[in-house]
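Inspection log for the structure reproduced underneath, given as structure tokens.
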Amino acid sequence: MNTGLFPFTEEHEMIRQAAWDFAQKEIAPIAAEFDESGDFPRATIKKMGEMGFMGIEVPEQYGGAGMDTLAYVLALEEICRADAAHGTIMSVNNSLYAYGLLKFGTEAQRQKFLVPVASGQAIGAYSLTEPMSGSDAGTMRGRAVRDGDVYVINGRKSWVTSGPVADYLVLFTMTDPEKKHRGVTAFMIEADRPGFIRGKKEPKLGIRASATSEILFEDYRCPVENRLGEEGDGFKIAMVVLDAGRVGIGAQALGIAEAAYEASVQYAREREAFGHKIGEFQGISFMLADMKTRIEAARLLVYQAALAKERSKHTGERFTLEASMAKLFASETAMFVAHAAVQIHGGIGYSKELPIERYYRDAKITEIYEGTSEIQRMVIARMETGLR
Ligand code: CAA
């Protein structure tokens, strides 16, 4: 729905249409199969790279499509309407990996680590979480110890999206544990160096085709020139990058919600019970009305956050509040809508014959990763009240 509130251009409509066409032709037909097997959809991800979807906001000189944040969220939303797992891989490449590298990387780092990922030839990942450090991200235990021209890195990271397949990672680890979060440093990691060990792949409820794993570091030697920013900058880099990531997760949640809603409207128009189309019953029609209203409210927040992120490229202003509100509301909307969609479909909604149960499973992660709903509420309340 074009609300008229946002500065959409012909270019935005072109990328939205291209993403929709690609998603319906290439992704929708294979989504159930890859959800079932949990295999990484390498072939479609490669094609998405060729279409420019893996680095939409990255300037062309660094291998990207050189478009803006609105273009990114529109494309991601359409991909996620077909399959949220493809969307997760796309979102991590674009936001958690490319955004930070573009913002904080040196020219040499951009050439080496950004060009292959933004052009879709390599996969990027972001690694902050550890088994004992999730929401409280500043308490990580991994260590990087400087030894001449290298840092020697040891530690265990968990829940790394694309961990089983990533070629490069942005890693956050401690260089000075006494300084707590101010002792965190970011590093660009190459997966083919000794000491980089892919751990167990996580079996998951949803987004099953997006591979997630632990990553272990055992005396991994990272050259000093691969440090992102200065020693101690890591926590802030992680947070700034997560702000960008959260806009993407908002778009992902919006895409899942739209898919579940559209299927529900269709079903309510066709399915009959007690001599009526089920959409004629208030029990169903009021559900549809609430689903639609929440989706459009989520859309406003997600597009508003996209504009705030775009503005920040020029002003340097934070868009933390907009990003957290968009992620919080859109992810809870996706869960609300997917839950109602299963209910409207009844038994067939619970069956793997239709994608409705997959939308329900996929929606859940949007309330958890890149900061739980509770963390988003904490961020929003702190920003508004100034209290902690
Ligand atoms: N932008 C810039 N700076 C920020 C910032 C932001 N958005 N948020 C915090 N900071 C800065 C603060 O200003 C502060 O700076 P000083 O050191 O100068 O004072 C510093 O960072 C510490 O901030 P806080 O005191 O607010 O830190 P905290 O320990 O209270 O934590 C938090 C804040 C918001 C809870 C944060 O820890 C957080 O976001 N936690 C959730 C982590 C998360 O989202 N994890 C998901 C990982 S990715 C993933 O899911 C896997 C995947 O692959 C997709």
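None of the values given here were measured: they were computed from a predicted structure. All ligand and atom numbering here is 1-based and tracks the order in the structure.
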**OP:** Considering the heavy atoms of Val379, write down every atom of ligand 1 situated less than 4.0 Å from one of them.
**Re:** 34 (C)
Original post:
So, does Ser135 sit close enough to ligand 1 that a heavy atom of it is under 4.0 Å from the ligand?
Top reply: yes
Subject >> Salt bridge present between Glu214 and Arg156 (N-O < 4.0 angstrom) >> reply: yes
**OP:** Measure the acute angle between the ring planes of Phe53 and Phe22, then classify it against the limits of 30° and 60° as parallel, tilted or perpendicular.
**Re:** perpendicular
**OP:** Using a 4.0 Å heavy-atom threshold (strictly under), name the region of Trp159 that reaches ligand 1: side chain, backbone, both or neither.
**Re:** backbone
Original post:
Is ligand 1 less than 4.0 angstrom away from at least one heavy atom of Leu96?
Top reply: yes
Original post:
In terms of atom number and element, which parts of ligand 1 are under 4.0 angstrom from non-hydrogen atoms of Thr320?
Top reply: 7 (N)
Original post:
Should you measure from each heavy atom of His181, which atoms of ligand 1 turn up under 4.0 Å away?
Top reply: 16 (P), 17 (O), 20 (C), 22 (C)
Original post:
If you count the atoms of ligand 1 from 1 in the order shown, which ones are under 4.0 Å from a heavy atom of Arg382?
Top reply: 26 (O), 30 (O), 33 (C)
Original post:
Which atoms from ligand 1 have a heavy atom of Asp243 less than 4.0 Å away?
Top reply: 1 (N), 6 (C), 7 (N)
Original post:
Does the gap between the ring centers of Phe8 and Tyr303 come in under 6.0 Å?
Top reply: yes
**OP:** To the nearest 0.5 angstrom, please state how far the CD atom of Glu230 sits from the OG1 atom of Thr185.
**Re:** 9.5 Å
Original post:
Counting each atom of ligand 1 from 1 as listed, which ones have a heavy atom of Val240 under 4.0 Å away?
Top reply: 1 (N), 2 (C)
Subject >> ligand 1 atoms in contact with Leu242 (distance to a heavy atom under 4.0 Å) >> reply: 43 (C), 44 (O)
Original post:
For ligand 1, which atoms, with element, lie under 4.0 Å from some heavy atom of Met378?
Top reply: 35 (C)
